[in-house]
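Lettering follows sequence order; numbering is per chain, from 1. Computed from a prediction, not measured in an experiment: that's the story for all the values here. All values below were derived from every heavy atom in this structure, side-chain atoms included, with hydrogens, water molecules and symmetry-related copies excluded.
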Amino acid sequence: MANVILVSVLSMGGLSLLLGAGLAYASKKFAVETDPRVDKINEVLPGANCGACGYPGCSGLAGAIVEGKAPVNACLVGGPTVAQKIAEIMGVSASAEAKEKKVARVLCQGGINEAKFKSDYHGVKTCRAAAMVNGGPKACPFACIGFGDCAKVCPVGAITMSENGLPVIDEEECTGCGLCVKECPKQVISLSSKKNEVHVRCRATMKGKDTREVCKVGCIACRQCERVCPFDAIHVVNNVAVIDYEKCRNCMLCVEKCPTKTITSLFPERKKAVINDNCIGCTICAKNCPVNAISGEVKKKHEANQELCIGCSICAEKCPKDAIVMVREKYNKNGGSCDDCAEAK
Amino acid sequence: MKELFFIIAGSVLVNNFVLSRFLGECPFLGVSRKLETAISMGIATTFVLTMTSVATYFIQFYILEPFGLSRFLQIVSFILVIASLVQLVEMVILKTSPALYRALGIYLPLITTNCAVLGLALLIAIKRYNLIQSIAFGIGAGLGFTLAMALMAGIREEMEFADVPEALQGAAIVLITAGLLSMAFLGFSGLIPM
Amino acid sequence: MLKTFKGGIHPPYNKELTKHKPVEKAKLPQRVVIPMSQHVGAPCEPVVKVGDHVKVGQKIGEAKAFVSAPIHSSVSGKVVAIEPRPHASGAHVMSVVIESDGTDEVYEGVKPPKPLEELTPDEIKNLIREAGIVGMGGAGFPTQVKLSPPADKKIDTIIVNGAECEPYLTADHRLMVERPEDVVLGLRAIMKATGVNRAYIGIEDNKPDAIEAMKEAVKSFSDIEVVPLATKYPQGGEKQLINAVTGREVPSGGLPMDVGVIVDNAGTCAAIANVLKTGMPLIERITTVTGAGVKEPKNLLARIGTPVGELIEQCGGFAGEPGKVIMGGPMMGISQSSLEVPVMKGTSGVLVLQKSEVKTLEPMPCIKCARCVDACPIHLLPTYLGKFAEKGMWDEAEKYHALDCIECGCCAYVCPANIPLTQLIRLAKNRILASKKK
Amino acid sequence: MNQYARMIVVLLIFSVLSGAVLAFSYEIANPKIQEHAMKNLEESIKNVLPGTTKYEQVEKEGMTFYLGLDDQGNKKGIAFKATGQGFGGPIEMMVGYDPKEGKLTGLQILSMAETPGLGARIQEPAFTEQFKGKSVNDPFEPKKDVQVITGATISPAGVASGIKSALEKVTKIYPVGGDY
Amino acid sequence: MYQLVKDFLNGLWNENPTFRMIIGMCPTLAVTTAAMNGIAMGLATTFVLVFSSLLISLLRNFIPAKVRIPCFIIVIATFVTVVDLFMAAYFPAIHKILGLFVPLIVVNCTIMARAEAFASKVTPPRAVADALGMGLGFTWAITLIGAVRELMGSGTLFGYHVLGEGATHWVIMLLPPGAFITMGILLGIMNVITRKSARDIQCH
Amino acid sequence: MSQYKFLITSSPHIHSGESVQKIMFSVAGALLLPTLAGVYFFGTRALILVITATLAAVATEAIFQKLRGKPVTVWDGSAIVTGMLLALNVTPALPVWMVVVGSVVAIGLGKMIYGGLGMNPFNPALIGRVFLTVTFPVQMTTWINPVDGTTGATPLALMKMQGVPTDYYKLFIGNVGGCLGETSALAVLVGGLYLIYKGYVDWRIPVSYIGTVAVLTFILGKDPIFHILAGGLLLGAFFMATDMVTTPVTKLGRIIFGIGAGIFVVLIRLYGGYPEGVSFSILLMNAFTPIINRLTVPRIYGEVKTR
Ligand SMILES: Cc1cc2nc3c(=O)[nH]c(=O)nc-3n(C[C@H](O)[C@H](O)[C@H](O)COP(=O)(O)O)c2cc1C
Ligand SMILES: Cc1cc2nc3c(=O)[nH]c(=O)nc-3n(C[C@H](O)[C@H](O)[C@H](O)COP(=O)(O)O)c2cc1C
Ligand SMILES: Cc1cc2nc3c(=O)[nH]c(=O)nc-3n(C[C@H](O)[C@H](O)[C@H](O)COP(=O)(O)O)c2cc1C
Ligand SMILES: Cc1cc2nc3c(=O)[nH]c(=O)nc-3n(C[C@H](O)[C@H](O)[C@H](O)CO)c2cc1C
Ligand code: SF4
Ligand code: SF4
Ligand code: SF4
Ligand code: SF4
Ligand code: FES
């Protein structure tokens with residue numbers, strides 16, 4: 001018995017020495033520089049080399065992740081913990097967040113109910129294909145075609161097609177990647193800063209008369225918005241109203257004025273200025289208010305007239321004491337709460 | 001000569017490693033998405049299998065058996081040798097030919113923990129093949145693996161356009177397809193005396 | 001064995017409707033809409049203003065780029081608008097709208113040039129360019145550009161495309177029967193301009209009278225040969241024509257000039273002849289107005305800019321309820337949603353199909369029957385291209401040569417599963433080219 | 001100690017320990033394994049040579065024979081291993097042979113890879129029993145003197161031809177009617 | 001304690017090696033011609049899994065990263081051989097059926113994966129809990145597959161006739177195609193179940 | 001005049017009028033010939049098998065589509081063809097419930113799990129057939145003689161196991177044991193030629209397939225005519241190897257397909273465990289089809305050199 005043990009210990013020892021030494025030598029001799037991140041990810045990966053990810057082994061996946069070909073959560077075996085670590089290695093950092101967030105917006109409201117159809121279309125059910133056939137079935141050459149190419153291309157599923165055949169973008173989900181903008185054959189979608197609340201949802205540069213003929217909600221270039229805007233932020237250019245977001249303060253006056261409801265706001269109600277006890281009565285706000293909605297005596301707490309206030313926030317920005325807050329009636333943007341979901345069922 | 005042909009043809013068609021011996025299923029399911037990848041993987045595996053057949057032949061018949069260690073050191077020594085060998089080859093290829101490495105080398109680590117390799121080693125020991133037969137067996141097993149991989153990858157590429165029910169997408173449909181493929185391969189049963 | 005190519009289809013030709021009907025002059029339109037883009041290449045810039053008075057043959061659009069062709073007024077009258085108007089492509093295109101004064105007064109500048117014998121090649125090319133002549137076979141490529149190949153391309157053969165393989169259309173057919181000598185004169189001008197002394201006139205054998213007439217007309221020219229071709233669509237596609245007539249293959253991504261050939265439509269030749277004889281630029285063309293949807297199908301000589309609705313009216317209006325109005329033939333034409341769109345230089349026909357004729361069958365899954373593969377004259381695999389397009393696999397589509405598709409429509413015509421293959425491939429081409437631009 | 005040395009040492013320790021553990025386990029398990037093997041062999045011999053209680057192993061002309069003896073030491077026949085080519089691979093069997101009578105005394109299938117429920121039914125007594133008492137001079141042809149299994153003719157044929165070819169050799173060593 | 005239970009349950013369902021991670025397919029397909037084989041194979045694998053995880057977890061700080069894979073392999077191979085030897089000694093019938101696949105436990109990706117991903121990173125109790133969960137998860141999965149195949153292929157369950165002697169046997173279930181197809185269909189069913197429960201969880 | 005709203009579509013604006021239904025029903029029609037031959041030789045039992053198999057196939061397809069909430073498209077006729085072919089490929093003595101199992105497997109595993117018509121990699125009828133062969137080998141190899149209904153063996157089995165040939169005339173007319181639809185070479189041939197004439201079947205596959213078998217058996221010293229007429233070769237070559245869904249789309253590919261299938265048939269018939277190899281050979285080549293398609297992409301017009 002001792003004999004057997006001895007022989008086996010010796011031969012195993014010999015074998016491993018041989019192989020160990022060989023490997024050690026080889027790893028020195030054949031060392032190759034690689035992207036350190038590949039090694040790091042390799043460390044993190046389970047190393048089962050099971051191939052379940054579709055890549056040839058763990059190092060194959062590591063390479064693919066570094067090259068950006070595979071997502072950080074590609075390893076099924078490793079699960080979310082590994083994915084988290086890989087994400088750290090890859091430095092999927094918050095640098096993008098730092099910039100002002102942009103989201104995609106649909107600049108057409110001519111759905112099935114509003115737009116006129118010049119013809120029936122039959123064929124490949126994608127916007128681009130339809131656009132290539134006589135410009136699509138809608139009479140307005142600028143109208144959304146409504147087959148949802150944008151929805152298909154959105155990587156985060158932020159776009160859904162409404163009953164009315166128009167895309168609806170969930171601005172919370174949207175990452176501002178702009179893929180939909182590129183995809184849309186009619187340039188109906190554009191990226192703009194998330195803080196812009198008011199939009200002209202029409203791009204039709206035809207004469208107002210022509211636009212009115214083809215769409216109930218198209219911009220007819222009546223210039224009423226131009227006249228009502230207190231900040232000179234909206235102008236009719238080439239038969240369609242365009243907002244200068246440098247100047248726009250989301251006061252929604254144009255929204256209310258627009259006869260065709262072409263201009264929309266994200267919120268049904270505008271914000272209102274409310275002055276709190278920090279107010280020292282410096283009167284700066286009253287002086288700056290474009291609609292004279294703020295009144296009050298020097299050194300006394302001021303009051304904002306809720307009726308008059310248009311929600312432009314100038315006062316809040318000017319207030320040296322941060323005594324003015326802009327508040328909006330409680331409003332749930334996407335209506336998404338758990339209770340709603342339960343009700344919907 | 002004829003016998004070697006039978007060994008090769010037998011392990012490609014009749015007792016295909018993947019489709020009837022159940023060896024090497026993991027890469028078969030995982031790396032058969034694209035035809036090019038599948039074939040590269042197949043070639044790399046064939047290479048390793050052939051190498052393994054030589055190595056295990058010597059270990060089995062020149063170390064283990066003479067010393068009477070075969071019954072209990074077989075697994076450990078085979079797997080150790082295979083793993084080291086693969087790693088060695090990987091390093092050598094990486095250094096000497098990065099192009100070859102990109103084409104084949106990346107598959108090598110995956111192959112270490114592939115049952116097909118250890119299975120081949122054990123089968124060689126069981127069947128008591130001589131050196132030439134062992135090599136033929138290794139090549140045949142590799143070719144059979146490659147064939148199965150290639151067929152599956154071809155079908156899977158075509159399946160990109162198929163409307164597979166959601167529940168079956170992924171591994172499920174691949175398994176069922178493998179089942180149908182292995183059913184077709186049953187036609188070869190009894191073909192060559194193995 | 002008649003000359004032809006591999007692949008292709010045999011759709012019902014339906015040419016009986018108009019093939020014996022002599023070309024009629026269409027009524028002078030009251031108002032013409034002349035798009036500034038009727039050709040391949042850069043659009044023209046209008047050189048008239050609203051309110052200007054223009055005469056027949058007066059230049060109203062100037063071609064600034066090399067690949068472009070000027071545009072002339074087709075009536076005399078007043079310019080009433082210069083604005084985007086519906087165009088056969090479906091887009092709105094900058095157009096000059098002219099209210100006819102009914103006098104049809106010819107512009108002073110329109111004078112016959114020297115006889116052909118005295119013209120130099122450069123003069124011929126210049127005449128062709130100034131007359132705004134573009135390919136009348138459909139694509140509308142400026143003819144003069146075709147005739148000026150780069151120095152390293154040696155042209156040795158001119159082919160006149162008289163195949164007219166599109167079903168229904170008979171414009172070229174009637175032209176060749178009625179004015180064969182014009183086609184030959186235009187061809188000789190082209191030969192002189194390019195210094196080529198070998199030419200063929202390819203005509204499908206379902207037009208024996210045209211073959212006869214053309215043979216008669218070329219009798220005295222030993223360097224011109226009339227080649228009867230098998231009747232098969234798309235025999236008139238230039239790649240197929242070149243292949244059938246000369247046995248050469250235009251390389252993938254290449255042009256006819258790469259194999260030493262220039263192909264010109266019979267109508268294009270006749271237009272050149274017209275310039276040589278009268279000096280009148282391209283302001284009218286023969287258009288076949290046909291289909292079961294029109295009461296009285298006709299071949300009309302129509303002024304460029306005439307709304308198609310007027311032409312249909314001159315053919316007795318609609319018969320039954322119209323379902324589809326197509327500019328061009330049924331295989332490659334473009335369906336229209338408005339009757340306002342004007343006839344252009346490349347409008348070889350207006351086809352009206354009755355509502356009962358147009359079917360809108362939903363596509364079924366591809367059964368891989370490979371009919372499309374057998375039909376494709378370019379030997380592509382339309383079934384795969386269609387699938388790639390459906391899945392958005394543009395790279396694969398490119399690898400499978402989507403860009404070589406000539407959009408002839410054969411594949412979609414034969415597909416038993418009703419898959420809109422041609423449209424899918426067109427989509428793929430569009431996307432591939434878009435991604436190339438970036 | 002550099003990292004390479006450490007690598008090697010650790011690996012060495014693991015292998016050595018593994019070797020020791022395995023050798024040790026083997027020492028414990030091996031007798032048991034051998035015992036099973038012996039028991040199986042013995043059982044199959046007893047099975048094909050009815051009446052046998054012990055046996056002797058005889059090597060002759062490269063073949064191994066098991067001489068079956070009863071309690072009194074009477075020879076009950078000889079058993080030998082034969083291999084036939086079946087549908088799914090080789091069929092290993094133990095055959096009992098009585099040279100005196102020139103007859104088979106029994107058949108047991110040791111290992112095979114035939115289809116379960118089909119070819120695998122060659123293991124069932126219904127099939128193996130038919131060989132008992134069969135003369136070694138029989139033709140051993142399926143469907144003639146060897147009953148087959150419906151749906152699987154190849155496996156029985158493999159068994160039959162395996163026996164037949166083995167017998168050709170065996171009857172030379174132990175001729176029919178001869179002593180042994 | 002809660003952590004241990006969680007680790008244990010993980011392998012049973014959420015990250016079940018067979019139905020969720022789809023690894024270790026070779027033994028899963030090869031030995032499941034009968035339910036009993038599934039149990040035997042599963043338990044053998046569990047044994048190896050538990051002990052190698054324990055050992056690896058104990059030694060996790062001792063093994064240099066560069067040679068950890070060879071070391072793991074040695075550990076695993078050792079335990080596998082031990083199982084092989086003892087099975088041959090004490091359960092020869094089962095050992096004969098499992099055949100080649102007992103040694104192949106070495107390359108069962110599940111073991112290597114757990115050693116690498118889990119055991120080499122956590123304390124011994126957690127490693128054992130996880131290994132036990134994974135092993136039993138593997139066991140029930142392949143026993144299920146074995147049961148389906150045995151029932152249809154031989155009309156029995158754990159060797160007992162449940163379908164009556166006269167029932168037609170579906171031979172294919174015992175052959176390679178039957179293995180693939182059964183596994184594929186069961187996987188599809190699992191997908192339906194888990195997707196449904198996932199949906200239920202999301203809304204409440 | 002502009003009161004009309006026109007249809008706009010991409011070109012072309014006309015269509016050949018050919019449809020999947022037309023093709024499938026023509027194939028079903030052509031299959032009636034072998035079916036009738038089967039009924040003539042094996043009696044009403046054959047008819048019952050064909051009808052149940054077809055109904056089961058159609059029902060399975062409908063149920064799958066309903067379950068997935070997809071439109072039910074059984075009227076495209078493909079399930080009918082599958083059902084008929086399956087029945088024609090089993091022995092007339094098969095228990096009826098087994099042919100139902102075959103239909104369910106054919107349509108379920110062979111077709112619907114891949115999404116239905118046009119997406120299946122393998123020939124569904126043959127999936128059903130081979131599944132039955134492997135699952136119920138005893139019942140599937142219990143052959144009966146025509147007319148009298150006694151059990152017997154197929155000509156191929158007789159040849160393989162006992163070396164007994166069968167005379168050509170009997171084989172041609174169909175008065176031999178075997179699958180329901182394969183006994184009468186004549187009926188199969190007429191149906192197949194009709195389909196070739198209609199253009200629904202590409203002649204390349206049957207010709208290269210049968211040709212390969214003939215050449216190989218001749219080279220190997222066997223009787224080529226016997227091997228063509230006996231067994232399911234003709235049925236397979238005309239009706240099953242030509243299933244467009246599961247065969248290559250290129251012309252060269254179809255020839256390769258036929259040759260490959262021919263080689264496999266001879267291999268299995270002469271050297272394999274089964275007397276017959278047509279089903280297996282076609283399934284095997286089905287597996288090769290995607291690769292064949294990839295490797296035989298035709299040289300396109302104007303492409304200078306082949307790849
Ligand atoms: C960008 C471009 C450049 C071309 N250049 C030439 C040329 O130099 N010579 C020539 O013979 N044809 C030239 N062509 C014309 C084409 O050969 C062809 O006649 C034209 O695209 C219309 O063909 P189709 O009606 O068959 O589509 C050119 C076409 C395009 C689009
Ligand atoms: C599918 C297809 C069919 C065509 N058929 C004709 C035809 O029948 N007659 C014709 O003149 N041009 C036809 N063309 C256009 C020719 O390819 C080519 O553009 C034209 O003959 C060049 O002459 P042009 O520049 O004078 O128009 C066809 C093009 C395609 C792509
Ligand atoms: C899945 C399957 C497994 C088979 N297994 C066996 C087998 O184990 N043994 C055998 O002799 N034949 C086997 N066969 C072979 C066929 O049944 C073969 O047709 C039969 O041997 C012919 O014999 P017969 O003359 O009884 O019809 C198998 C067939 C199938 C489909
Ligand atoms: C010529 C032709 C042959 C066919 N052969 C088969 C066949 O062998 N098996 C089958 O299930 N379906 C066959 N079909 C029907 C159909 O193609 C088949 O159900 C599809 O494979 C289902 O996607 C055939 C159809 C045609 C047109
Ligand atoms: S916005 Fe653009 S892409 Fe989206 S549905 Fe409308 S047309 Fe299509
Ligand atoms: S595609 Fe990108 S930009 Fe468009 S909605 Fe989705 S996330 Fe936003
Ligand atoms: S013709 Fe239609 S059904 Fe046939 S292969 Fe082409 S795309 Fe598919
Ligand atoms: S449209 Fe394109 S793909 Fe289709 S047949 Fe014509 S050239 Fe071929
Ligand atoms: S279990 Fe066999 S390769 Fe993974």
Side-chain angles (χ1 to χ4, degrees), chain B residues 2 5-6 9-10 12-16 18-20 32-36 38-39 42 146-194, chain F residues 64-65 67-70 105-106 108-124 126-135 137 245-246 249 264-265 267-295:
Chain B
K2 198 164 157 195
F5 173 77
F6 277 168
V12 174
L13 300 178
V14 187
N15 285 312
N16 188 287
V18 178
L19 296 174
S20 48
S32 58
R33 219 168 289 173
K34 283 239 150 287
L35 191 56
E36 279 78 16
I39 291 180
T146 312
L147 177 67
M149 290 283 286
L151 293 180
M152 182 51 96
I155 296 175
R156 282 183 81 174
E157 281 192 354
E158 205 83 354
M159 244 160 28
E160 291 264 310
F161 312 119
D163 174 25
V164 176
E166 212 186 323
L168 291 177
Q169 276 167 19
I173 191 79
V174 181
L175 279 162
I176 297 178
T177 307
L180 300 181
L181 198 55
S182 111
M183 200 162 91
F185 267 69
L186 274 187
F188 292 122
S189 45
L191 188 62
I192 288 165
M194 281 291 283
Chain F
F64 262 86
Q65 287 174 332
L67 281 181
R68 283 192 70 187
K70 304 250 157 171
V105 169
L109 282 187
K111 182 174 174 188
M112 297 319 287
I113 60 163
Y114 295 100
L117 179 63
M119 303 176 199
N120 46 311
F122 295 102
N123 187 322
L126 287 176
I127 288 291
R129 151 91 206 258
V130 170
F131 184 92
L132 288 178
T133 315
V134 177
T135 307
V245 174
T246 53
V249 295
F264 283 139
V265 169
L267 203 64
I268 295 172
R269 275 191 184 178
L270 299 187
Y271 307 108
Y274 293 94
E276 172 62 304
V278 170
S279 314
F280 289 111
S281 73
I282 296 173
L283 282 183
L284 286 165
M285 288 316 290
N286 287 163
F288 280 95
T289 295
I291 298 180
I292 296 178
N293 274 339
R294 285 264 302 236
L295 296 182

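- Interface remark: B:Met183 contributes backbone and side-chain atoms alike to the contact with chain F (heavy atom separation under 4.5 Å).
- For the pair F:Phe122 and B:Thr177, the minimum side-chain heavy-atom distance is below 4.5 Å.
- Ranked by heavy-atom pairs shorter than 4.5 Å toward chain B, the options F:Ile291, F:Ile282, F:Leu126 are led by F:Ile291.
- The aromatic ring centres of B:Phe188 and F:Phe280 sit 6.0 Å or more apart.
- In this structure, the portions of F:Leu267 lying under 4.5 Å from any heavy atom of chain B include both its backbone and its side chain.
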TODO: Would you sort out whether F:Arg294 and B:Glu36 count as a salt bridge (charged side-chain N to carboxylate O under 4.0 Å, His left out), showing the intermediate values?
DONE: CA-CA 11 Å; F:Arg294 285 264 302 236; B:Glu36 279 78 16; 2.4 Å; yes
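- The two residues F:Lys70 and B:Asp163 come nearest to each other via the heavy atoms NZ-OD2, 3.2 Å.
- With chain B as partner, the option from F:Leu283, F:Asn293, F:Ile268, F:Leu284 having the largest number of non-hydrogen pairs under 4.5 angstrom is F:Leu284.
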Task: Stepwise side-chain contact (heavy atoms from CB on, under 4.5 Å) test for F:Tyr114 and B:Met159 - done: CA-CA 8 Å; F:Tyr114 295 100; B:Met159 244 160 28; 3.3 Å; yes
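- With a 4.5 angstrom heavy-atom cutoff, B:Leu35 touches chain F only via side-chain atoms.
- Here the CG atom belonging to F:Leu109 is positioned 6.0 Å from the CD1 atom belonging to B:Ile176, to the nearest 0.5 angstrom.
- Interface remark: F:Phe288 contributes backbone and side-chain atoms alike to the contact with chain B (heavy atom separation under 4.5 Å).
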- [ ] Could you check F:Ile127 against B:Leu180 for side-chain contact (heavy atoms from CB on, under 4.5 Å), going step by step and ending with a plain yes or no?
- [x] CA-CA 7 Å; F:Ile127 288 291; B:Leu180 300 181; 3.8 Å; yes
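- Classification of F:Arg68 and B:Glu166 as a salt-bridged pair fails, no side-chain N sitting under 4.0 Å from a carboxylate O.
- For a residue to count as touching a neighbouring chain, one of its non-hydrogen atoms must lie under 4.5 Å from one of that chain's; by this rule B:Ala153 does not touch chain F.
- Closest approach of F:Pro290 to B:Glu158, counting heavy atoms only: CB-OE1, 4.3 Å.
- Residue contact with chain B, scored on non-hydrogen atoms closer than 4.5 Å, is absent for F:Phe64.
- In terms of heavy-atom proximity, B:Leu186 sits nearest to F:Val134 at CD1-CG1, 3.5 Å.
- Heavy-atom distances place both the backbone and the side chain of B:Ile155 under 4.5 Å from chain F.
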